[in-house]
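So the structure is just underneath, and the comments pick up after that.
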Amino acid sequence: MAEGKIRTIEARPNAESLIKPGELVDLIEVTPLSLNDRRIYNQLLENAWDAIDKPVTHLIAKSVLRGSHNSNDRVGDSLERLMSAIVKVAVIWDGEPAVERVQLLGGNLESGRADGLLEYEIPARLRKIIRNSQVFARLQREVMFALSSKYALTLYEMVQKRGNLRWKASEKFTLEALRGIMGVPKGKLTSWSNLKLRAIDPAVAEVNALSDFMVEIVAIKTGRAVTHVELRWWRKDGDASGAADRALQFSKVGRRVRVEGKTEHVSVEPAPEVRPRPAWLDSRGVPLHTSTYETARLRHPGYDIYFVEGEWRAWAAGREPARDPDRAFLAFFRSYAEKNPL
């Protein structure tokens with residue numbers, strides 16, 4: 001998270017993380033979104049980031065959004081929900097607090113090919129909100145894809161937005177405000193006990209296990225009823241951060257067992273063996289960060305990442321060295337995948 005003089009659009013994504021404007025973290029969903037919807041939307045924001053405040057269309061390969069799923073059906077369903085999603089954003093209008101209602105995603109054009117492209121727009125009102133934003137969350141891609149519920153992802157984004165504030169380590173919300181930000185559908189989990197059991201406690205456990213922060217949500221009563229909550233957060237020490245890194249290496253089943261504190265043996269499919277970087281690439285340049293290769297595998301399943309690295313290095317030979325080689329490689333990979341679909 002960053003706040004202050006820097007504008008959100010001046011913050012830069014890198015090989016490990018992406019940027020999300022704070023106004024799109026603490027928003028109220030009128031149309032509930034799924035975990036996959038939220039992930040896809042974060043990817044669309046990242047893909048458009050270099051021109052996020054411009055009245056232009058953006059292109060992305062459907063395979064990037066599809067990830068490890070073989071069908072584009074889920075991507076299409078998510079796009080339609082994002083197009084119909086109306087969100088309420090707290091803004092300042094003429095010096096006074098106000099609520100602005102905006103659509104998350106504008107018109108788009110989807111290729112009929114499974115390996116085709118998606119062309120999409122960021123709505124004008126949303127572009128204005130992003131242009132004026134000065135608060136943002138920096139989201140680690142690995143954590144975003146590891147979290148298993150939309151409530152956990154939303155809580156993670158809330159903490160990443162606030163985590164580096166020097167003057168603040170807690171924030172109070174009305175219970176209804178928290179329900180709205182977390183995207184709890186109307187009429188669902190209406191009692192505090194059900195909300196805590198089904199949404200809050202599992203989300204807190206996952207964020208504590210996988211992120212760089214510890215978090216807790218404390219109930220505040222008015223009379224006998226819970227009417228408010230206090231969100232508290234603090235950065236982990238070195239040992240706890242190491243445990244979070246290790247937790248990210250487990251499969252989803254294994255992570256869930258560790259998060260829930262279970263000790264019984266669980267049969268977990270072994271992670272696919274990662275092929276080491278071939279020796280012939282050593283003469284082309286120093287290896288990129290391990291997380292960059294992991295991100296490339298996640299975004300472009302089925303591609304030989306080292307072959308593409310060789311193509312990138314051959315293309316870059318003779319050009320001015322990139323200031324951020326990891327990000328430059330991922331940008332080249334995206335273009336390569338679009339031009340050379342599997």
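Residue indices begin at 1 and follow the sequence shown.
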Between V229 and I220, is there a side-chain heavy-atom distance shorter than 4.5 Å? no
Checking R125, K88, K128 against E100 for salt bridge (charged side-chain N to carboxylate O under 4.0 Å, His left out), the one that qualifies is R125
State, yes or no, whether a side-chain contact exists between P325 and L288 at a heavy-atom distance under 4.5 Å. yes
Please check if atom CH2 in W280 has more than 12 non-hydrogen atoms from other residues, nucleotides or ligands closer than 6.0 Å. yes
Got a second to check how far R284's CZ is from R277's CZ, nearest 0.5 Å? 10.0 Å
Is the CZ atom of R198 crowded by more than 12 outside heavy atoms at less than 6.0 Å? no
Got a donor-acceptor contact below 3.5 angstrom from the Q160 side chain to the R138 backbone? yes
With side chains defined as the heavy atoms from C-beta onward, is the minimum distance between L18 and L45 less than 4.5 Å? no
Does the K196 side chain pair with the main chain of S191, one donor and one acceptor, at a distance under 3.5 Å? no
So do the side chains of D326 and N14 get within less than 4.5 Å of each other, counting heavy atoms only? no
Tell me whether R323 at atom CZ has more than 12 heavy atoms from other residues, nucleotides or ligands lying less than 6.0 Å away. no
Tell me if a side-chain donor or acceptor on S17 pairs with a main-chain N or O of P13 at a distance below 3.5 Å. no
Between R7 and S133, does any side-chain donor sit less than 3.5 Å from a side-chain acceptor? no
What pair of heavy atoms forms the shortest contact from K20 to E157, and how long is it? NZ-OE1, 3.1 Å
Backbone N or O of L33 within a donor-acceptor pair of the K150 side chain at under 3.5 Å? yes
Under the side-chain contact (heavy atoms from CB on, under 4.5 Å) criterion, do K339 and S335 qualify, and how do the steps go? CA-CA 6 Å; K339 296 175 182 176; S335 176; 3.5 Å; yes
For the residue pair Y303 and Y336, categorise the inter-ring angle as parallel (less than 30°), tilted (30 to 60°) or perpendicular (more than 60°). perpendicular
Return yes if a side-chain donor-acceptor contact under 3.5 Å exists between Q134 and T8, otherwise no. no
How close do K62 and S111 get, heavy atom to heavy atom, and via which atoms? NZ-O, 2.7 Å
Under 4.5 Å between any side-chain heavy atoms of T190 and N194, yes or no? no
Interatomic distance, CD1@I40 vs CG@L65, rounded to 0.5 Å, equals 5.5 Å
Any side-chain to backbone donor/acceptor pair from R39 onto F145? Under 3.5 Å, distance only. yes
Between T227 and K221, the two heavy atoms sitting closest are OG1-C, 4.3 Å
Roughly how far apart are Y151 OH and R179 CZ, rounded to 0.5 Å? 8.5 Å
Could you walk me through whether Y41 and L104 pass the side-chain contact (heavy atoms from CB on, under 4.5 Å) check? CA-CA 8 Å; Y41 191 62; L104 283 180; 3.6 Å; yes
Test your reading of the model: is there a side-chain donor-acceptor pair from W233 to the backbone of E171, 3.5 Å cut-off? no
Are the aromatic ring centres of W312 and F329 under 6.0 angstrom apart? yes
How close do N108 and M83 get, heavy atom to heavy atom, and via which atoms? ND2-SD, 3.0 Å
For the residue pair S78 and D37, what are the closest heavy atoms and their distance? OG-OD1, 2.6 Å
Min side-chain heavy-atom separation D53-I122 under 4.5 Å: no
Matching residue for S170 among R232, R162, E230 - test: side-chain hydrogen bond (donor to acceptor under 3.5 Å, both in side chains): E230
Output the distance between atom CG (L189) and atom CG (L197), rounded to the nearest 0.5 Å. 9.0 Å
Can you tell me how far the CG atom of D201 sits from the CG atom of L195, to the nearest 0.5 Å? 9.0 Å
Answer whether the closest heavy-atom distance between the side chains of I130 and L126 falls below 4.5 Å. yes
What's the spacing between I28 CD1 and R101 CZ if we round to 0.5 Å? 11.5 Å
Membership question, hydrophobic clusters at under 4.5 Å side-chain separation (ILVMFWY): are L117 and F333 in the same one? no
Could you tell me if the side chain of E309 sits less than 4.5 Å from the side chain of F332, heavy atoms only? no
Run the salt bridge (charged side-chain N to carboxylate O under 4.0 Å, His left out) check on R313 and D282 step by step: do they pass? CA-CA 11 Å; R313 292 190 182 279; D282 292 342; over 6 Å; no
Is the positively charged end of R319 above the ring of W315, judged by distance under 6.0 angstrom from the centroid and angle within 45° of the axis? yes
Between N208 and V215 (side chain of the first, backbone of the second, donor and acceptor by atom type, cut-off under 3.5 Å), is there such a pair? yes
Are the aromatic ring centres of Y293 and Y306 under 6.0 angstrom apart? yes
Under a 4.5 Å side-chain heavy-atom rule over Ile, Leu, Val, Met, Phe, Trp and Tyr, are L330 and F307 clustered together? yes
Count the heavy atoms belonging to other residues, nucleotides or ligands that lie under 6.0 Å from NZ of K168, then report whether that count exceeds 12. yes
Output, in order, the C-alpha distance, side-chain angles, deciding distance and verdict of side-chain contact (heavy atoms from CB on, under 4.5 Å) for V89 and V99. CA-CA 6 Å; V89 181; V99 173; over 6 Å; no
So, for L44 and Y120, which heavy atoms are closest and what is the spacing to 0.1 Å? O-OH, 2.7 Å
Steps toward side-chain contact (heavy atoms from CB on, under 4.5 Å) verdict (L178, I200): CA-CA 10 Å; L178 182 69; I200 292 177; 3.9 Å; yes
